[in-house]
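Quick notes on the structure that follows.
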Amino acid sequence: MHQPPVPHLQDRDPEIAGLVEAEARRQYEKLRLIASENYVSPAVLEATGSVLTNKYSEGYAGRRYYEGQQNIDPIELLAIERAKEVFGAEHANVQPYSGSPANLAVYMAFLEPGDPVMGLSLPMGGHLTHGWSVSATGKWFRPVRYDVRADTGRVDMDQVRDLALKERPKLIWCGGTAIPRTIDFPAFAEIAREAGAVLAADIAHIAGLIAGGAHPSPIGHADVVTTTTHKTLRGPRGAMILSTAEHAKAVDKAVFPGLQGGPHDHTTAAIAVALKEAAQPDFARYARQIVANAQVLAAALVDRGYDLVSGGTDNHLVLIDLTNKGVAGKPAAQALDRAGIELNYNAVPFDPRKPFDPSGLRLGTAAITTRGLGEEHMPQIAEWIDEVVLGTAKQDEAVAGRVAGKIRELLASYPMPGWAPAP
Ligand code: DSN
């Protein structure tokens, strides 16, 4: 049963209601290891599903293009104040619709079309919007890409410095989507200063860890910080841009009217709720537990002969290169999904295979930590992953059903925020 319940949806549109119910049950029964996903609280769900979805409010508090902002202005101001407080930032914009629009706003704020931009290349763990060729950011700007080192799997800071001084990018991105190690914000800041570039930190994956004190913060090092709000931060699907006071005006102008129309006020309210939750002491415990779980899971996988990019993890994310197991990422991910373990196939650095059929698997521990799983469960999860991967290599289909049953049994003791099976 959905919490809050959805009786009107069931009455008005049983087809959609049925699919929502099926998705909730799927999330309840699966070991959700997609590194960018989580379970939000019922309070965040309620704000997201509220009447705020009815309102238009282009502009900013006190300067809107529509009347009737008596409640929207305080909601957005609360979200801004909480974002500044949680991250210690001088300025926050909570209107970006999601991570990619937030990143585009950074280009809009600081660059002209054709300007050079530097970012970690996508197959090395970067993000499409950091100047990858198929993205608008790679087509409309001049991308310069840095890599991770082949021997360590970690960002090659010597190469970052050499490239920055040679290519003089106007904007340097640090952060990405598949980086299992701590991002060295002070080192990036020093290079950006030397090269005369704006430093943007994309902390979408690690925002919750930063909020909870389990990863160093880019504040005080980066000129501008972008983040989605729904990964480790455990809020609704949205994004924020944090910056120094100096760049506040440029950031706000870029988001609106530069790039977007009306903000999604229901999302803004839910971001405010998530930030209030992230400011509580139990969120710091949650953030530390995410990392502890990932580290124990990584160690258990290494014990079973898995080749992890960089050898382990400092955060919520583990990147496995399956080459030595004789199975590609995609069939392994599909078999794991059938076995109740949900993750994504992923390129690994220097991957000889294609992005749609790469060599690796990416997994993360934010969602299972929300469910209440701890370090004691991680060796068992590594064993299940191993059983399924080895079963895939041997084309043994029976293993999936066996593991899925055991996972359902385990998860039945760990409640899911937002849904429970009918009693
Ligand atoms: N989709 C996000 C992720 O999974 O990391 C990146 O855009």
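In listed order, ligands and their atoms are each counted from 1. The structure presented is a predicted model; accordingly, all values stated were derived computationally and were not measured.
Contacts classified as salt bridge (Lys or Arg N to Asp or Glu O under 4.0 Å) and involving residues 352-374 (residues at least two apart or in different chains) are given here: Arg353-Asp357.
A cation-pi geometry, defined here as NZ or CZ lying under 6.0 Å from the six-membered ring centre and within 45° of its normal, holds between Lys325 and Tyr306.
The closest protein non-hydrogen atom to atom 1 (N) of ligand 1 is Ser36 OG, 4.5 Å. Counting protein heavy atoms only, atom 2 (C) of ligand 1 is closest to Lys231 CE, 4.0 Å.
In this structure, the ring of Tyr414 has its center less than 6.0 angstrom from the ring center of His377.
Two residues are said to be in side-chain contact when any heavy atoms from C-beta on lie closer than 4.5 Å; Asp265 and Ile75 fail this criterion.
Distances below 4.0 Å separate heavy atoms of Arg362 from the following atoms of ligand 1: 3 (C), 4 (O), 5 (O). Ligand-side atoms of ligand 1 in range of His205: 3 (C), 5 (O), range being under 4.0 angstrom from any heavy atom. Within ligand 1, the atoms closer than 4.0 Å to a non-hydrogen atom of Thr177 are 5 (O), 6 (C), numbered from 1 in the order shown.
At least one N or O atom of His127, backbone or side chain, sits closer than 3.5 Å to an N or O atom of ligand 1.
Atoms CG and CD1, on Asn315 and Ile183 in that order, are 8.0 Å from each other to the nearest 0.5 Å.
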